[in-house]
Trainee: 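Below you will find the structure I want to go over with you.
The structure presented is a predicted model; accordingly, all values stated were derived computationally and were not measured. We number each residue from 1, following the sequence as shown.
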Amino acid sequence: MLRDVLLPRARRVLEGDSGMSTAEYALGTLAAAAFASVLYMVVTSDFVTEALTSLLREALSGQAR
């Protein structure tokens with residue numbers, strides 16, 4: 001009797017939904033695009049560009065900090 005109750009519930013839980021719905025997919029894509037644009041703005045900022053340029057110059061010239 002307990003098996004007749006638990007088995008259908010277990011099947012429903014284990015089957016679940018596979019993949020995202022269209023709305024979830026759209027929100028996930030929007031969030032990824034927003035994160036990418038913020039990351040691009042940070043990486044192309046003057047401070048980061050100057051720091052990377054300085055680091056590369058020191059590495060290529062063989063000078064230690």
Trainee: Please find the pair of heavy atoms, one from Val43 and one from Val48, that lie closest to each other, and give the distance.
Mentor: O-CG1, 3.5 Å
Trainee: Less than 3.5 Å apart, which donor and acceptor atoms pair up between the side chains of residues 27-42 and the rest of the protein, not counting sequence neighbours?
Mentor:
residue, atom, partner, partner atom, Å
Thr29, OG1, Tyr25, O, 2.8
Ser37, OG, Ala33, O, 3.4
Ser37, OG, Ala34, O, 2.8

Trainee: What residue among Asp46, Leu52, Thr53 forms side-chain contact (heavy atoms from CB on, under 4.5 Å) with Glu50?
Mentor: Asp46
